[in-house]
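See structure below.
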Amino acid sequence: MNTKYKSVAAAGLLAAAATALLTGAASANPSDQPCDVDDLAVSVTQDPYSSAGQQAFVIHYDAANEHTNCKLQGAPSHVTFTKGSGHGEGDGSGIEVVLDNPNGGAPPVNVQPGKAAVSRILMESQAPVTFQPSVVNLDLPAENGHTVTVSWPDGQPLKGSSVELTDVSPA
């Protein structure tokens, strides 16, 4: 009878240890961590598949290395368009940036090698050209998102007085 209780106690200890290990691994999982500028390679390209009446540009968030495993959520913030290197050589701040989903609530997107994320900048395709940027500056869509400056596609102007910005989604 004593052996039966020892076996049950040993099984209980093993189960508790396994639970503690799994819980520790889950809480330390890098995908629980917001992406930082060092985690990502950020770029912008024109979207050839825009909806009728819209022109779109895709912001790509790719893993910077084979160890990247982090999350993005929501839309980029503090978006500005400039000429030159992006630090005051010609400010396109007259362009209003509006969130496509102002209520938020989009699920987080995990970024890791082979699993990128994207968000889009949308504008009216028939609106008049208002600014020719060289770069776009934005804060990453992550908790305490850091600012990145990204080259704007050559020769592609902004149109109209405002652009719409979408939440990040899986690529």
Side-chain angles (χ1 to χ4, degrees), residues 30-65 68-171:
S31 67
D32 292 339
Q33 299 300 314
C35 293
D36 195 348
V37 292
D38 295 333
D39 297 321
L40 303 171
V42 183
S43 62
V44 177
T45 60
Q46 187 172 9
D47 186 351
Y49 306 108
S50 302
S51 300
Q54 284 189 329
Q55 185 173 1
F57 293 88
V58 182
I59 305 170
H60 303 269
Y61 309 94
D62 294 298
N65 61 58
T68 298
N69 189 5
C70 58
K71 71 177 179 178
L72 295 172
Q73 186 170 15
S77 58
H78 303 104
V79 176
T80 59
F81 301 93
T82 59
K83 288 188 180 217
S85 66
H87 301 286
E89 291 89 353
D91 189 1
S93 63
I95 304 291
E96 180 183 14
V97 178
V98 180
L99 295 179
D100 178 55
N101 182 12
N103 298 324
V109 177
N110 193 50
V111 177
Q112 51 187 304
K115 294 184 180 183
V118 296
S119 51
R120 286 179 168 68
I121 298 170
L122 310 170
M123 65 187 84
E124 293 180 39
S125 61
Q126 299 304 313
V129 170
T130 53
F131 189 69
Q132 179 65 55
S134 300
V135 297
V136 59
N137 305 294
L138 57 93
D139 287 359
L140 295 174
E143 184 180 321
N144 301 317
H146 292 92
T147 303
V148 294
T149 298
V150 184
S151 294
W152 187 255
D154 283 340
Q156 296 300 316
L158 294 176
K159 297 177 180 179
S161 60
S162 67
V163 297
E164 207 170 323
L165 193 60
T166 66
D167 285 341
V168 69
S169 62

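Without hydrogens or angle criteria, K159 side chain to S125 main chain gives a donor-acceptor distance under 3.5 Å. Looking only at distances, a side-chain donor or acceptor of Q73 sits under 3.5 Å from a matching main-chain atom of A106. Under the 3.5 Å distance criterion, the side-chain polar atoms of T130 are left unmatched by any main-chain donor or acceptor of S161. Between the side chain of T166 and the backbone N or O of D100, no donor-acceptor pair lies under 3.5 Å. Checked by atom type and distance alone, the side chain of Q112 never pairs as donor or acceptor with a backbone atom of C70 at under 3.5 Å.
Within 6.0 Å of atom CG in N65, more than 12 heavy atoms from other residues, nucleotides or ligands are found, so the atom counts as buried in its surroundings. Annotation: E164, atom CD; neighbour count of heavy atoms from other residues, nucleotides and ligands within 6.0 Å is above 12.
Taking V163 as the reference, F81, I95, V97, I121, M123, L158 meet the side-chain contact (heavy atoms from CB on, under 4.5 Å) condition, with sequence neighbours excluded. For N103, the side-chain contact (heavy atoms from CB on, under 4.5 Å) test picks out N101, with sequence neighbours left out. Evaluation of the side-chain contact (heavy atoms from CB on, under 4.5 Å) rule for V150 yields V42, V44, V136, V148 as partners, not counting sequence neighbours. With sequence neighbours excluded, the residues that form a side-chain contact (heavy atoms from CB on, under 4.5 Å) with H60 are S43, T45, V58, D62, V118. Shown here are the salt bridge (Lys or Arg N to Asp or Glu O under 4.0 Å) partners of D47, two or more places apart in sequence or in another chain: R120.
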- Message: I'd like to know whether V111 forms a side chain to side chain contact (heavy atoms under 4.5 Å, CB included) with V168, so could you lay out the CA-CA distance, the side-chain angles of the two residues, the decisive distance to 0.1 Å, and finally the verdict.
- Response: CA-CA 11 Å; V111 177; V168 69; over 6 Å; no

- Task: Could you walk me through whether H78 and N137 pass side chain to side chain donor-acceptor pair (under 3.5 Å), step by step?
- Result: CA-CA 8 Å; H78 303 104; N137 305 294; over 6 Å; no

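Of all non-hydrogen atoms in A117 and V109, the two that sit nearest each other are CB-CG1, 3.7 Å. Scanning both residues, Q132 and G155, for their nearest heavy atoms gives NE2-C, 3.6 Å. Smallest separation of non-hydrogen atoms from C35 and L140: O-CD1, 4.1 Å. The minimum heavy-atom distance linking T147 with V37 is given by the pair O-CG1, 3.9 Å. Counting all heavy atoms, side chain and backbone alike, P76 lies closest to P141 at N-CB, 3.7 Å.
Considering CD of Q54 and CD of E124, their distance stands at 8.5 Å, rounded to 0.5 Å. One finds the CG atom of L165 at 9.0 Å from the OG atom of S77 (value rounded to the nearest 0.5 Å).
For residues 132-153, no residue pair satisfies the salt bridge (Lys or Arg N to Asp or Glu O under 4.0 Å) rule, not counting sequence neighbours.
A side-chain contact (heavy atoms from CB on, under 4.5 Å) with N69 holds for exactly one of N110, D32, D39; it is N110.
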